[in-house]
Amino acid sequence: MQSRRKLRFRLIWSFALFGFGLSALFALASLDIRSRVEDQLITTSLQDEVDHLNAQVVEHPERAPSFNIIKAYSWSDRTIYRAPLPWQSLDTGVHDMYEAGPDGRQHHYKLAVRRKDGVISFLQYDVSRDELGKQQLIISVIGAVFIFGLLSLALGLWLSRKVLKPVTELARRLRDFRKNGKVEPLAPLFANDEVGELAMALDAYADRLTAMVERDREFNSDVSHELRTPLAVIASTTELLQGSPDLTDKLRERLKRIERASRQATELIEALLLLSRAERRGPTRGETTEVAKVAADVIESQRPQMRDKPLTIDLVERGTISVNAPASVLSVALTNLIGNAIKYTLEGSVRVEIGNGRIEVIDTGPGIKPEDAERLFQRGVRGEGAGGSGAGLGLAIVRRLCELYGWDVSMRPRSDANGAIAAIVFE
């Protein structure tokens with residue numbers, strides 16, 4: 001995962017690199033222009049001076065002008081052999097020459113040559129004496145580049161504070177709203193600029209979100225009332241009917257099934273409403289539930305699903321586990337897992353094991369593919385197996401409930417035989 005730098009950091013370094021790069025480019029361009037112009041000026045001046053020298057020698061051969069920084073030489077065609085050997089074959093023009101000086105070091109000089117009217121004139125200009133000035137200029141330019149780079153860094157620091165101050169203030173107020181749990185309009189607190197537009201958009205989003213939460217709260221309240229009332233009537237009526245002395249065993253068994261179905265529906269409604277509230281406010285804790293007791297109740301409530309299938313259901317306790325969660329939450333989760341195991345297992349056994357901080361539901365059904373194990377917990381995904389239908393929304397609800405309370409729910413194929421293992425890890 002790539003590290004994400006703060007916007008302020010990127011802004012500061014952008015200014016610093018831009019200032020340093022622009023200064024360095026300007027310095028290089030200045031040095032190049034200076035070198036080109038200097039070379040052109042020296043060449044032009046030497047060419048003019050050697051022409052002037054040649055004209056003077058032709059007009060007054062008995063005198064030769066002298067120069068302070070330029071050495072002048074003139075010979076006729078007959079005495080050209082007195083000139084240094086490398087000079088003798090040079091044509092008219094300005095030439096770059098390199099040779100060792102009296103101090104033993106290599107010297108660079110420009111030599112202007114003019115051949116006219118039988119007279120050959122030379123002007124020698126020592127360029128190496130300008131190297132010191134050039135080095136000093138380079139040092140000064142490098143220092144200027146670093147100074148401008150530091151100035152750009154300081155400018156980036158200042159601008160980052162200035163430019164990002166409204167954004168930082170907006171973020172601070174949003175954090176305060178989250179701490180206080182109260183939303184206030186943001187747009188009046190900021191100028192009518194880009195940050196102000198962002199504040200207006202956040203205000204509009206907060207209004208829509210508040211309205212949606214309010215509708216959700218009202219819906220949950222209405223559903224809780226409208227569904228619990230008829231379920232309570234069914235439960236109380238069933239309880240009264242079971243107390244009748246003239247009931248046959250067959251009717252009594254059917255009333256028990258109605259009672260179990262009513263209790264399961266009540267637990268499911270409570271779990272869904274709790275899930276809806278807790279996803280907004282956080283999970284409700286404080287109620288301690290014994291896993292084995294809930295598992296035993298769920299197994300008894302699911303036995304009618306077996307019908308006439310050659311199937312056995314066993315509860316194996318290898319330890320006592322208590323969880324800090326409502327019994328309805330655990331009941332809904334286990335009802336889905338145990339109910340699916342019974343539904344998909346045509347024959348054999350379903351074993352519920354409790355211990356080591358977990359509960360596992362092990363069946364001998366057709367099993368699942370390893371690549372499909374995680375997909376079964378997605379909303380709307382149905383498994384393949386008995387009856388051609390699967391959990392649908394059930395396992396998705398189980399995953400949400402487990403995530404809410406910090407439990408880990410998973411499903412995997414058995415390695416020793418056909419079947420699947422569904423597990424909830426509480427620790």
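Sorted by first and then second residue, the pairs that involve residues 311-340 and meet salt bridge (charged side-chain N to carboxylate O under 4.0 Å, His left out), not counting sequence neighbours, are Arg318-Glu353.
Between the Asp363 side chain and the Ala420 main chain, a donor and an acceptor come within less than 3.5 Å of each other. Side-chain N or O atoms of Ser23 include none that pairs as donor or acceptor with a backbone N or O of Phe20 at under 3.5 Å. In this structure, the side chain of Asn340 engages the main chain of Asn336 through a donor-acceptor pair within 3.5 Å.
The nearest pair of heavy atoms linking Val94 to Lys110 is CG1-CB, 4.2 Å. Residue Thr288 comes nearest to Ser322 through the heavy atom pair CG2-CB, 3.8 Å, listed as atom of the first residue, atom of the second, then distance. Contact record, Thr289 with Ala325: OG1-O, 2.6 Å, taken as the closest heavy-atom pair. Residues Ile120 and Val113 come closest through the heavy atom pair CG2-CG1, 4.4 Å. Across all their heavy atoms, Leu315 and Ala296 have their closest contact at CD2-CB, 4.0 Å. Considering all non-hydrogen atoms of both residues, Ala292 and Ile354 come closest at CA-CD1, 3.5 Å.
Considering only residues two or more places apart in sequence or on other chains, Asp91 meets the salt bridge (Lys or Arg N to Asp or Glu O under 4.0 Å) condition with none of them. With sequence neighbours excluded, the residues satisfying side chain to side chain contact (heavy atoms under 4.5 Å, CB included) with Glu374 are Arg399. Under the ring pair (Phe, Tyr, Trp, His ring centres under 6.0 Å) criterion, Phe18 pairs with no residue at all, not counting sequence neighbours. For Thr364, the side chain to side chain contact (heavy atoms under 4.5 Å, CB included) criterion is met by Thr345, Ser349, Arg414, not counting sequence neighbours. Listed by chain and number, the residues in a side-chain hydrogen bond (donor to acceptor under 3.5 Å, both in side chains) with Asp203 amount to none (sequence neighbours excluded). With sequence neighbours left out, Ser301 forms a side-chain hydrogen bond (donor to acceptor under 3.5 Å, both in side chains) with Gln264. Partners of Phe26 according to the ring pair (Phe, Tyr, Trp, His ring centres under 6.0 Å) rule, which considers only residues two or more places apart in sequence or in another chain, do not exist here. In this structure Glu290 satisfies the side-chain hydrogen bond (donor to acceptor under 3.5 Å, both in side chains) test with no other residue, sequence neighbours excluded. A search for ring pair (Phe, Tyr, Trp, His ring centres under 6.0 Å) contacts involving Phe148 returns nothing, not counting sequence neighbours. Judged as a side-chain hydrogen bond (donor to acceptor under 3.5 Å, both in side chains), and not counting sequence neighbours, Glu403 has no contacts.
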Output side-chain donor-acceptor pairs under 3.5 Å for residues 355-362, partner residues at least two apart or in another chain, one line each.
from   : atom 1 : to     : atom 2 : distance (Å)
Arg358 : NH1    : Glu360 : OE2    : 3.1

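Ring-plane geometry between Phe426 and Trp407 is classed as perpendicular, the angle between the planes exceeding 60 degrees on a 0 to 90 degree scale with a lower cut at 30.
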Show your working on side chain to side chain contact (heavy atoms under 4.5 Å, CB included) between Ile147 and Leu151 and close with a plain yes or no.
-> CA-CA 6 Å; Ile147 290 174; Leu151 289 176; 4.2 Å; yes
Would Cys402 and Ile424 satisfy side chain to side chain contact (heavy atoms under 4.5 Å, CB included), going step by step from the backbone distance to the final call?
-> CA-CA 8 Å; Cys402 291; Ile424 298 179; 4.2 Å; yes
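A 6.0 Å sphere centred on CE of Met200 holds no more than 12 heavy atoms belonging to other residues, nucleotides or ligands.
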